[in-house]
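Okay, structure first, notes after.
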Amino acid sequence: MRASRALAVSATACAALALAAPSAGANSGPSNVTVNPFSVHQGGTIEITAQGCARGGTVTSNAFPRADLSVNSTGLSRATARIRDNATPGRYNLAVRCNDDNRVVTHQFEVLAGLGALGGLGGSVGPSSTEMAIGSALVASAAVGGSLFVARRRRLSGARV
């Protein structure tokens with residue numbers, strides 16, 4: 001009887017070890033997630049890197065649309081995401097999920113208020129009515145002044161002859 005118990009315990013231990021072996025060799029999911037830069041302005045881009053995603057994955061956040069992780073030859077997964085222009089400044093979390101694993105790893109980053117230049121209209125905007133009035137007055141005064149100058153020279157040159 002003791003031999004059969006020992007055999008049953010040994011068989012159970014071997015079965016448990018055999019079932020645990022495949023999961024030990026399986027991918028442990030994303031790790032070493034980094035965000036560069038940590039603080040980014042609205043409308044800016046950030047680069048997310050992660051290890052452990054052999055078949056790529058996705059990165060999601062409330063601050064940007066979903067980005068896909070691509071894998072390079074060293075096994076490092078990388079994604080670039082553009083922060084929405086209307087993202088509220090503050091701290092956000094992003095979630096990295098590998099295609100070959102359901103584990104999710106989160107990482108924080110910060111969105112700063114956008115300080116972009118308010119330019120770009122160039123010549124597409126016409127002059128205002130004030131600018132038109134000032135320009136017309138300058139052209140009229142130049143015309144009157146030029147006419148007086150020419151008339152005076154003509155009168156002076158005609159008197160000498």
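As the structure is a computational prediction, the values presented were derived from the model and not from experiment.
Its side chain within the 4.5 Å cluster rule, Val144 clusters with Leu148 among the Ile, Leu, Val, Met, Phe, Trp and Tyr residues.
There is a side-chain donor-acceptor pair under 3.5 Å between Thr34 and Thr49.
Nearest heavy atoms, Cys98 versus Gly52: SG-O, 3.7 Å. Smallest separation of non-hydrogen atoms from Gly56 and Val71: N-CG2, 3.3 Å.
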Worksheet item: Passes side chain to side chain contact (heavy atoms under 4.5 Å, CB included), Val104 versus Val96? Steps please.
Response: CA-CA 6 Å; Val104 175; Val96 177; over 6 Å; no
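The list of side chain to side chain donor-acceptor pair (under 3.5 Å) pairs with a residue in residues 56-66, not counting sequence neighbours, reads Arg66-Asp68. Within the structure, side chain to side chain donor-acceptor pair (under 3.5 Å) pairs that include any residue of residues 85-95 comprise Arg82-Asp85, Arg91-Gln108 (at least two apart or interchain).
Within the 4.5 Å cutoff, the side chain of Ile46 has heavy atoms near those of the Phe64 side chain. Within the 4.5 Å cutoff, no side-chain heavy atoms of Val150 are placed close to those of Arg152. Side-chain contact between Cys53 and Leu69 is present, with heavy atoms from C-beta onward closer than 4.5 Å.
Atom-to-atom distance recorded for Arg78:CZ and Glu47:CD is 4.5 Å, nearest 0.5 angstrom. Between Leu76 atom CG and Gln51 atom CD the span is 6.0 Å, to the nearest 0.5 Å.
Checking side-chain atoms of His107 against main-chain N and O of Leu94 turns up no donor-acceptor pair under 3.5 Å.
In terms of hydrophobic clustering, with Ile, Leu, Val, Met, Phe, Trp and Tyr side chains grouped at heavy-atom distances under 4.5 Å, Phe109 and Val33 are assigned to a common cluster.
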